[in-house]
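As structure tokens, the structure follows; a few thoughts come after it.
One-based numbering, in listed order, for ligands and for the atoms of each.
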Amino acid sequence: MSKLPLSFLNLFLFLLLTAIPSSVISQNVDTEKAILLKLKRELGNPPLLQSWNSSSLPCNWTGISCTDGKVSGLVLSNMNITATIPATICDLRNLTVLDLSYNYITDGFPRVLYNCSKLQRLDLSQNYFVGPIPDDIDQWLSTLKDLNLAANNFSGDIPPAIGNLTELQSLYLNNNQFHGTFPKEIGNLANLVLLGLAYNGFVPSKIPVEFGKLSKLTFMWITDANLIGPIPDSFASLSSLVQLDLAINNLEGSIPGGLFLLKNLTYLYLYHNKLSGEIPQKVEALNLVEIDFGTNSLNGSIPEDFGKLKNLQLLNLYSNKLSGEIPSSIGRISTLKTFKVFTNNLSGVLPPEIGLHSKLEFFEVSTNHFSGQLPENLCAGGVLLGVVAFSNNLTGEVPQSLGKCDALLTVQLYNNNFYGEIPSGIWTAINMTYLMLSDNSFSGELPRSLAWNLSRLEISNNKFSGPIPTGISSWVNLIFFDARNNLFSGEIPVELTSLSHLTTLLLDGNQLSGQLPSNIISWRSLVTLNLSRNALSGQIPAVIGSLPDLLDLDLSENHFSGEIPSKLGQLQLVSLNLSSNQLSGQIPDQFDNLAYENSFLNNSNLCAVNPVLNLPNCYIRPRRSSNKLSSKVLVMVLVLAITIFIVTTILTLVAVRDYMRKKHKHDMASWKLTSFQKVDFTQANILSSLTENNLIGSGGSGQIYRISVNRAGEFVAVKRIWNVRKLDEKLEKEFVAEVEILGTIRHSNIVKLLCCISKEDSKLLVYEYMENQSLDRWLHGKNRRSSSGTNSVHHVSLDWPRRMQIAVGAAQGLCYMHHGCSPPIIHRDVKSSNILLDSEFQARIADFGLAKMLAKQGEAHTMSAVAGSFGYIAPGKSIRHLQKCFI
Ligand SMILES: *[C@@H]1O[C@H](CO)[C@@H](O)[C@H](O)[C@H]1NC(C)=O
Ligand SMILES: *[C@@H]1O[C@H](CO)[C@@H](O)[C@H](O)[C@H]1NC(C)=O
Ligand SMILES: *[C@@H]1O[C@H](CO)[C@@H](O)[C@H](O)[C@H]1NC(C)=O
Ligand SMILES: *[C@@H]1O[C@H](CO)[C@@H](O)[C@H](O)[C@H]1NC(C)=O
Ligand SMILES: *[C@@H]1O[C@H](CO)[C@@H](O)[C@H](O)[C@H]1NC(C)=O
Ligand SMILES: *[C@@H]1O[C@H](CO)[C@@H](O)[C@H](O)[C@H]1NC(C)=O
Ligand SMILES: *[C@@H]1O[C@H](CO)[C@@H](O)[C@H](O)[C@H]1NC(C)=O
Ligand SMILES: *[C@@H]1O[C@H](CO)[C@@H](O)[C@H](O)[C@H]1NC(C)=O
Ligand SMILES: *[C@@H]1O[C@H](CO)[C@@H](O)[C@H](O)[C@H]1NC(C)=O
């Protein structure tokens, strides 16, 4: 009251009293009402405080609580408050509770509250407070019992003065930006019941031994707070402890045996640390409900005493070095819901009764040395969500009872010795999503219908047999289907081609026969198709060439015949294998290069134009037939052929010339040049030189020309991207934007893009010319021709220092794209043919994704999901999200 100017207050009271003249109100209430109305104004009149008006009494207003008619509590949680805390609050003399949590207050620690001399509970959590906690806090707020500053941006050290707030019963400082230390004086808070320091980036700190003095503490939460060193033995004195969470730190040493003697301990989370040694064997904390020790280096065996934990619901011991057998008594705990012991060295049989006595939800025992059978009654409780038992030495049949387990989401049994048929209910469990059964000896046929939601079905390396059922068209959500190396037979049903989400189809190593369905209706998402090692025959359907996302195609070791459809050339494949078939004719131009060296082996009637592929040349007749002709006839035929050729050529040239002249003009006009540096050539220079003479190579995605741009004999390399269907406007814009960014990159290990010349359906990328062409030619090329005209290159070989220099250079280029650009650029197709070498053999990476992006246009949104080339998948995002590079 003393803080308000008297005249203002009088006026205010006058207004109030005239507004409700009939009320009989005490002076006290009036004062508090005036304070609160002022406070409301100072808080910026939040709409949620509408009830704070003079027509009623404060004790009835939103967020106000009173004791003996005096305001004692102000709970303004989640009120959209943005204003800083007004000093007026402390004019409420009897205020004990102030809760401003879940607002948008941006301020330092509110020292104005120092005058709230009776404050017991202060909750400022979930705001944007910044800066340190003042170190004189104990001089003022010594009455505090509950202090909650969680989920703000407080920083600095937590001051030792906190340890002087001896009334404190709860202290939450978790989820802040404290990057300094926390004081051992917290151990002096003899009344403390709840302590939260979790999720702060403290300097690496040991847990103070003094924390063991907190004998009333029931809840200690210091997850992910940079703790190091051991868990103090003094923790054995935390006699009231109910929950201890020290997960996600760097704690070392063994778990103090005293912890398991704390009678009330119920939740114990120590996962993701570096704890070692054995789990204490003597257990008196019979109230334990959850134990999570996952991801440590604990060794020894699982204590027999765990079987005594009648309330245990969760037992996570995964990713340790535990050995020995699991006490079978654990299987009799009637409360157990979660059992995760995967990735250990455990052996013996699984507890046979597990699941029988409790409502088991998670059963994860993978990557151990368990033997024997799966427990019979895992799903007796009817709520089992997953059976994850892969990579063990389990055997026998899958229990029939699992076929009646509707809740199952996943069954992962791969890499064991199971045999027999899969209980039919497993195929159809309503929520089943992943079914992974590979590498066992399962037999039987595939079911006609499957769980509607099944997205991943892995059954490779088993003894499944019979046909691929026509009912497969109902497996609508299947994404990944791996059935390689089984005994499937019969034809591939056309119904299989209707699965529009399928990305991977592996049916290699079966006994499938007949022709491939020619009308592939909706394999829109297919990325990998492997049908090798079957007995498939007939022609390769041309429609495979229009699968928009296909990257890997393997049809080898079948009986396919006829020509390779030229349409296949449209695919932008990472791998192609058509070997060991009976294919004939010329391979599509796009494959006529070294990248496909091993794609066409063992097909006796295939031919190529480019000699690098080791296939017969399509235009040289086999010598055998010429022997049969007399030389006279041969000469006559030759002369005739040459004459006809010359005459035709001349006629054609004359006819075409006029047309070309007109067309040329038109063409020139529609090309657009986007330049990134000062260039001393025009688009006409470039376009007129795209001739056979200047062609120096053709790769997976386009032809490359070497073009002289001025009299000084300087060259540029021009990459012409073919097969570019018309880009829609949006993609065209994106292409230009991305080319522009690449054009601005300056790094000595990345080829400079000088300009881009484009029109609707064709793109030319003009790069600086690299004297020594691509690394690929040096490593694999059969005829190392010097393209600069001199023959000097011919004699230089790649010695080891030079190879080293190239490797380091290429790595530096990639590193720059990954780490120097934000978001990172990934190449997605790093291979020796995309590493160019300048005259000093410095590596320069070329072709950052552009060609690929063009090829995949139309599926823009799927781009980043598509993998790159031969095993190389870089981190980060695809080029499509490119924004800027730090130059
Ligand atoms: C004043 O508060 C009462 C509730 O206490 C509310 O019903 C009324 O609408 C408020 N009056 C104004 C003018 O906001
Ligand atoms: C508070 O509101 C209740 C009804 O919500 C009413 O009965 C009571 O009279 C009000 N008290 C005061 C002091 O306004
Ligand atoms: C808080 O403010 C936002 C926008 O300013 C509004 O959408 C929201 O409804 C408000 N919340 C409440 C509880 O009034
Ligand atoms: C409110 O505070 C005054 C002054 O500190 C004190 O005399 C009074 O007893 C308090 N009332 C209540 C209900 O706490
Ligand atoms: C506390 O109130 C006194 C007057 O009663 C005033 O002088 C002082 O500045 C206030 N302190 C704070 C931190 O607001
Ligand atoms: C705690 O309070 C005592 C007595 O007021 C004082 O001497 C001491 O310095 C305080 N400790 C800290 C760390 O502020
Ligand atoms: C343990 O819990 C029980 C029941 O909640 C309680 O009565 C007892 O005081 C607690 N023991 C200790 C040492 O806190
Ligand atoms: C797996 O179990 C079989 C018996 O079922 C046994 O012969 C074999 O040695 C075991 N293999 C391993 C690696 O433990
Ligand atoms: C299947 O999943 C849905 C959604 O999670 C759930 O509501 C339903 O209970 C599950 N069905 C069974 C049989 O568990």
Trp221 and Phe219 aromatic ring geometry - parallel, tilted or perpendicular at 30°/60° bounds: tilted
Exam field: side chain Thr335 to backbone Lys310, donor-acceptor pair closer than 3.5 Å: yes
Residue that, paired with Ile158, satisfies side-chain contact (heavy atoms from CB on, under 4.5 Å) out of Asn176, Leu149, Asn200, Leu197: Leu197
Is there any protein N/O under 3.5 Å from an N/O of ligand 9, and what does the full list of such pairs look like?
| residue | atom | partner | partner atom | Å |
| --- | --- | --- | --- | --- |
| ligand 9 | 2 (O) | Asn431 | OD1 | 3.3 |
| ligand 9 | 2 (O) | Asn431 | ND2 | 2.3 |
| ligand 9 | 11 (N) | Asn431 | ND2 | 2.9 |

Whether Trp475 and Phe481 hold their rings parallel, tilted or perpendicular, with breakpoints at 30° and 60°: perpendicular
Salt-bridge present (Lys282, Glu284; N to O < 4.0 Å): yes
Main-chain N/O of Ile89 paired to Asp91 side chain as donor or acceptor, under 3.5 Å: no
Within 45° cone of Phe362 ring axis and under 6.0 Å: Lys340 NZ or CZ: yes
Atoms in ligand 7 with a heavy atom of Ser240 nearer than 4.0 Å: 14 (O)
Atom indices of ligand 6 within 4.0 angstrom of Ala161 heavy atoms, with elements: 13 (C), 14 (O)
Within reach of ligand 6, part of Asp135 (heavy-atom separation under 4.0 Å): neither
